[in-house]
Asker: 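Starting off with a structure, shown below.
Side chains included, hydrogens not; waters and symmetry mates left out as well; all remaining heavy atoms used. Each ligand, and each atom within it, is numbered from 1 in the order the structure gives.
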Amino acid sequence: MIVETCLLLVAAIVLVWIYSKRRFSYWSSKDVVCPPILPLIGHMNYFFKGQRWVSLHKFYLEFRKHKFYGLYEFFNPVLMITDPELLKLVLVKDFEYFVDRRRFGDQEGSLMTEMLTNKFGEEWKDLRAIMTPTFSSGKMRSMFHLISEKADNLVSFSLKNAVNNKPVDMKDMFGRFTMDTIASCAFGIECNSLSDSKPVFAEVAEKFFNFQGLKALKLTLMIVLPKLHNFLGFKVDDVEIEFFAKLAKENMELRKKGQSRGDFLDLLLNAKASEDDIRPGKKVFGEHTLVAQSVLFLVAGYDTTASALAFSSYNVAMNVHCQHRLRQELQELVKEHGSINYQGIMEAKYLDAVLMETLRLYPPGTIGERVCTKQYKIPDTDLIMNPGDLIQFPLWSIHHDPQYWPEPEEFKPERFLAENRGSIISFTHLPFGMGPRNCIAMRFALMEAKVALAQLILAAEIKLAPGHEKMELQDSPFLMRPKDGVMLMLTPLQKD
Ligand code: HEM
């Protein structure tokens, strides 16, 4: 009996080994270089090893001369593209071959599968076209006063928390600010995170984004092995998504009763009402889809911008000369325009450079992704990509490559000033992705971050809090976020 069991075990191991060897020969059979592969899991160990973008950086440095290299997520092959010229083709010039990202979760009809981020092909194109006008420069200008009002609240609330030389967690402050801003601009909801001691909205969003431990594991499974994720009955987001969905539904009911505000939700409702005229017989925009976009905006509008702001404030606190230069630019703009207005924000070149450099060093999204949608031959190679094949681009690694960014770890906003911009190689700065499927809200996010940072720097001298000189980042396979907040000391400045 023991002998038979041992034989069966050996046979099973040999079969798995043969199967594994065959699946893991995909890249070598196509002459694509590939880092050492672990049995059964391929390169999944890097999902669970500290910050994935840092763990993968050594392969970027080793293989970038090949323009791309292969990875395996379990048995699934992924092509990691490292060359900016090739990225330009995939993301822009030959975009029609790489329209999609991978499906996030696989629960048909769930709110998540209805979000723009999760839509494919023509459906994505239609939805994106409907949503794009929300972020036109006209809309940005008209939203400016709302953002400015929230930024004033941010400054007063932060200074209130800084009394008696108390360090302030600016990640928390910026999270409250971005939640109040997106809720107000997108839905006309006043959620008062910047005055409540218990900011419910911001706390729910924070919980949603805290991908640690079991939650990170479930999310990884949902992305990499969605069928197994569903089979196991896992649900990553129930409570938080439901909270925002309920809010969006309630708000939509009010709008149907005629309470129009000219904001994002109104725009979506109008698009739904006129859908039949635009595309007879083609239903893209059910009520469920509409709720999904509302929730997406609340969620996407919260963490990325709050982290970008937290990283910016850390950088200017670390680099005192940059803080002085920034304050000087802003004070001159106030002198010229009377206050920080829309035009002043658009003219503030150093402010823009500070944010661009922050997003180079700390891009909240660290690895980009596309799915091949039509057969495509990678130019100057024999490699053919087929529909369904996955490509990724390691934007954090590109941002930290000394070939493109001399002294890549140094914070030098000057790189982005007009006199130096000419030497930036295109497709080496990708914090918002690039091409037709880039971040739809880039303009909104930048304006929001600029107003908040400008108001803060005009109101207070900021310094790193003692004992918090080094900012730690969360271990994560996905988003880059500060680990324990960003603790700063704020000293109010006298107004002239
Ligand atoms: C500093 C802040 C932000 C950063 C760094 C950021 C970054 C990104 C990145 C890297 C992508 C993927 C782009 C690609 O694949 O090429 C993306 C997509 C997206 N972002 Fe942002 N984002 C920010 C703020 C926002 C805000 C405020 C919103 C909503 C109000 C938003 C909504 C979206 C949506 C809906 C998509 C998916 C677009 C599509 O699939 O068509 N983002 N963002």
Asker: May I ask you to list the atoms of ligand 1 that are less than 4.0 angstrom from any heavy atom of Ala445?
Answerer: 2 (C), 24 (C)
Asker: Run down the list Gly368, Pro431, Cys439 and name the one with the heavy atom closest to atom 10 (C) of ligand 1.
Answerer: Pro431
Asker: Could you check, using the six-membered ring where one of them is a Trp, whether Trp53 and His57 have ring centers closer than 6.0 angstrom?
Answerer: no
Asker: Can the ring centres of Tyr404 and His429 be said to be less than 6.0 Å apart?
Answerer: no
Asker: Only heavy atoms of Arg128, strictly under 4.0 Å: list the atoms of ligand 1 that pass.
Answerer: 38 (C), 39 (C), 41 (O)
Asker: Under 4.0 Å from a heavy atom of Arg437: which atoms of ligand 1 are those, numbered in the order shown and with their elements?
Answerer: 13 (C), 14 (C), 15 (O), 16 (O), 39 (C), 40 (O), 41 (O)
Asker: If the cut-off is 4.0 Å to any non-hydrogen atom of Thr117, which atoms of ligand 1 fall inside it?
Answerer: 37 (C), 40 (O)
Asker: Of the listed options (Thr358, Thr305, Leu395, Val99), which comes nearest to atom 2 (C) of ligand 1 when hydrogens are ignored and any heavy atom counts?
Answerer: Thr305
Asker: Going by the angle between their ring planes, with limits at 30° and 60°, are Phe98 and Tyr376 parallel, tilted or perpendicular?
Answerer: perpendicular
Asker: Hey, would you say the Phe59 and Tyr46 ring centroids sit under 6.0 Å apart?
Answerer: yes
Asker: Which atoms of ligand 1 are found less than 4.0 Å from any heavy atom of Trp124?
Answerer: 39 (C), 40 (O), 41 (O)
Asker: Could you check which of Thr366, Asn438, Thr304, Leu446 puts a non-hydrogen atom nearest to atom 24 (C) of ligand 1?
Answerer: Thr304
Asker: If you count the atoms of ligand 1 from 1 in the order shown, which ones are under 4.0 Å from a heavy atom of Met434?
Answerer: 16 (O)
